[in-house]
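See below for the structure under consideration.
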Amino acid sequence: SKARLFDQNTDVKVSFKDVAGLEGAKEEIQEIVDFLKTPEKYTALGGKIPKGALLVGPPGTGKTLLAKAVAGEAKVPFFSLSGSDFVEMFVGVGASRVRDLFKQAKEKSPSIIFIDEIDAIGRARGKSNFSGSNDERENTLNQLLTEMDGFGSNANVIVLAATNRADVLDKALMRAGRFDRQIYVDLPDLRERREIFEVHLRPIKKEENLDLEFLAKQTPGFSGADIANVCNEAALIAARKGNKAVGKQDFLDAVDRIIGGLEKKNKIIT
Ligand code: ATP
């Protein structure tokens, strides 16, 4: 079977109401939704619509979710790939994949291209410790820069990319006409964690008057992805006990389990 080159979703169901908190980021990215929906309105006075924006922040904070929500809100197709998919690739494959991705996105414009973990391809050139695959990575990065320069701002394709290491990116990526906007997506504060719990508790049968404020207070430093995990774990824990609804203790047990998992993960990294 043919290797999948990238993902394509022409009917994204995610909207801004699925993204809890992140008010500032949502406000900034709303502008991109407007560019996609009514480009004429913005170009009327000779201005150019931006081609790309970088979503910067720690893992699991909703960068992918936010990019999908842009496509969902603007009702445009969402093309995506992950930089980490390029790590072990044969010579020439990365660049041709990027070329195909942009070709498809232009054919289906208005559209969104989303590149997750862009640091895997976008590290500053000539600054990697790894030899061997490095040339191929540079080829891929050069193709990406070429594609972004190649399409006019009237192509109505907007490229969003996510990273938690903006500091290692090749400065060429941030030049005008490329990813010249940065949108910060931070870990949620107390209020935002509460809102994320609200979103992820929607499908869950929970006990009446479960205190979301309390849950938010138990989870400092948790990302949205961690909180989504807690909600799911809690539902599994309660179900295993044969309970009819998920209660406070199930959430506390789930929080402990997630913290245990995070500690293990950190041990492997450090
Ligand atoms: P990574 O850097 O690891 O790719 P990311 O920032 O792209 O992470 P997402 O993949 O968007 O994070 O988040 C993973 C999941 O966590 C989402 O699908 C969602 O279920 C949940 N999540 C994260 N942030 C939020 C949020 N702000 N509101 C609601 N759910 C969230």
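Order of appearance sets the numbers: ligands from 1, and atoms from 1 within every ligand. Reckoned from all heavy atoms, side chains included, excluding hydrogens, waters and symmetry mates. All figures in this text were calculated on a predicted structure; none of them were measured in a lab.
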Heavy-atom nearest neighbour of atom 27 (N) of ligand 1 within options Cys231, Ala20, Gly224, Gly62: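 Heavy atom nearest to atom 27 (N) of ligand 1 belongs to Ala20.
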Shortest reach to atom 24 (N) of ligand 1 by a heavy atom, considering only Leu22, Thr61, Val185: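 Residue with the shortest heavy-atom distance to the ligand atom: Thr61.
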Phe78 and Phe114 aromatic ring geometry - parallel, tilted or perpendicular at 30°/60° bounds: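 Parallel: the ring planes of Phe114 and Phe78 meet at under 30°.
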How close does the nearest protein non-hydrogen atom get to [atom], and which residue and atom is it?
| atom | answer |
| --- | --- |
| atom 20 (O) of ligand 1 | His200 CE1, 3.0 Å |
| atom 14 (C) of ligand 1 | Ala225 CB, 3.8 Å |
| atom 11 (O) of ligand 1 | Leu65 N, 2.9 Å |
| atom 2 (O) of ligand 1 | Lys63 NZ, 3.0 Å |
| atom 4 (O) of ligand 1 | Asp116 OD2, 3.4 Å |
| atom 7 (O) of ligand 1 | Thr64 OG1, 2.6 Å |
| atom 3 (O) of ligand 1 | Gly60 N, 3.3 Å |

Gln8 side-chain N/O to Pro77 backbone N/O, donor-acceptor pair under 3.5 Å: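 Not a single qualifying donor-acceptor pair exists.
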Whether over 12 other heavy atoms sit under 6.0 Å from Lys248 NZ: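 Check fails, neighbour count at 12 or below.
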CD (Glu40) with more than 12 external heavy atoms under 6.0 Å: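 Buried by this count: over 12 neighbours within 6.0 Å.
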Side chain, backbone, both or neither: the part of Leu55 lying under 4.0 Å from ligand 1 by heavy atom: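 It is neither part, as no heavy atom is under 4.0 Å.
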Distance-only donor-acceptor check, side chains Asp253 and Gln249, under 3.5 Å: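 A donor-acceptor contact under 3.5 Å links the two side chains.
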Salt bridge Arg181-Glu31, side-chain N to carboxylate O under 4.0 Å: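 Looking at Arg181 and Glu31, the cut-off is met.
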Short N-O contact, Asp18 and Arg202, less than 4.0 angstrom: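 Arg202 and Asp18: salt-bridged.
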Close approach of Glu117 to ligand 1, heavy atoms, under 4.0 angstrom: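 So Glu117 does not count as touching ligand 1.
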Min heavy-atom dist Asp18 to ligand 1 below 4.0 Å: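 Yes; Asp18 lies near enough to ligand 1 that a heavy-atom distance drops under 4.0 Å.
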Gap between atom CZ of Arg257 and atom CD1 of Ile237 - 0.5 Å precision: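 The CZ atom of Arg257 is 4.5 Å from CD1 of Ile237, to the nearest 0.5 Å.
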